[in-house]
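Taking it in order: structure first as structure tokens, then the write-up.
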Amino acid sequence: MARFDTSFDATSVEPTTAYELLPAGKYRAQIVESEMRVTKNGMGQFLWLMLDILEGEQKGRKIFDQLNLVNPNPTTVEIAQRTLSAICHATGRMHVSDSEELHLIPMTIQVKIRPPKNGYGESNAIAYLPPERGSTPAARPAKPAPDPAGSSLPPKMASAPWNKKG
């Protein structure tokens, strides 16, 4: 038994709903979160991705993907690297050293419905599409390079209360 400190009112909180697959189709999406995670058997690592759908009836929905970049099976790694390359091409970022460099760049994805397998129900599969001819991925502002001399720091605001003496 777990006793709450106060009474919980379920009429004031929207209940969760069952997970629904994203319908098959093309979507504009962007990666909003990513991280390396250890595989269930502990023998490898995968890049976990969370994407936001940006337009249409499914706007605001989330879809997830994972790329087995560290795995004892070289074919699995090759498939993951090809998928990462597709993401790089879709976002226009050809050289990345951190998955965060792929965040918040709109791209087009193709979502398919994967049939049930290994005791799991249907699931979504994502293909990352190259930009259409004549269009380029949205440019993401580059991070400014650090200025070791500090010459680009904004001048102190003399009128700010924390800068006033005495």
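Every heavy atom of this structure was used, including side-chain atoms; hydrogens, water molecules and symmetry mates were not. Nothing here was measured: the structure is a model prediction, and the numbers come from that model.
Heavy-atom neighbours of K62 NZ from other residues, nucleotides or ligands within 6.0 Å: above the threshold of 12. Dense packing is recorded around CZ of R37, with more than 12 heavy atoms of other residues, nucleotides or ligands lying under 6.0 Å away. Heavy atoms of other residues, nucleotides or ligands lying less than 6.0 angstrom from OH of Y120 number 12 at most.
Residues L22 and Y27 have side chains in contact (heavy-atom distance under 4.5 Å, counting atoms from C-beta outward). L84 is listed as a side-chain neighbour of L102, based on a closest heavy-atom distance under 4.5 Å. By the 4.5 Å heavy-atom criterion applied to side chains, I87 and L49 are counted as neighbours. Here the side chains of T39 and V70 are not in contact, with every heavy-atom distance at 4.5 Å or above. At a threshold of 4.5 Å between non-hydrogen side-chain atoms, the residues L51 and I126 count as touching.
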For I31 and D65: C-alpha separation, side-chain torsions, deciding distance, then whether side-chain contact (heavy atoms from CB on, under 4.5 Å) applies. CA-CA 10 Å; I31 298 170; D65 202 359; over 6 Å; no
Would you check, one step at a time, whether the test side-chain contact (heavy atoms from CB on, under 4.5 Å) holds for L67 with F46? CA-CA 5 Å; L67 314 178; F46 61 91; 5.8 Å; no
* To do: Just do the side-chain contact (heavy atoms from CB on, under 4.5 Å) check on F8 and V13 with the steps written out, would you?
  => CA-CA 9 Å; F8 177 74; V13 178; 4.0 Å; yes
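Annotation for L69 and V77: closest pair O-CG1, 3.7 Å, computed over non-hydrogen atoms. Between Y128 and A90, the shortest heavy-atom distance links the atoms CB-CB, 4.3 Å. Between H95 and E101, the closest heavy-atom pair is O-OE1, 3.7 Å. The nearest pair of heavy atoms linking R61 to E20 is NH2-O, 2.6 Å. Between E100 and S34, the closest heavy-atom pair is N-OG, 4.2 Å. Here the closest heavy-atom approach between residue A29 and residue I53 is recorded as CB-CD1, 4.1 Å.
Under the 3.5 Å distance criterion, the side-chain polar atoms of R114 are matched with a main-chain donor or acceptor of N124. Here the side chain of S85 pairs no donor or acceptor atom with the backbone of Q81 at under 3.5 angstrom. The main-chain N or O of L54 is never found under 3.5 Å from a side-chain atom of D52 such that the two would form a donor-acceptor pair.
Residue M36 is grouped with residue V96 when hydrophobic side chains (ILVMFWY) are merged at heavy-atom distances under 4.5 angstrom, including chains of intermediate members. Following chains of ILVMFWY side-chain contacts shorter than 4.5 Å, one can reach W48 starting from V32, so the two form part of one hydrophobic cluster.
Taking CE of M50 as the reference point, atom CD of Q66 lies at 14.0 Å (rounded to 0.5 Å). The structure places CG of L129 at 13.0 Å from NE2 of H89, a figure rounded to the nearest 0.5 Å.
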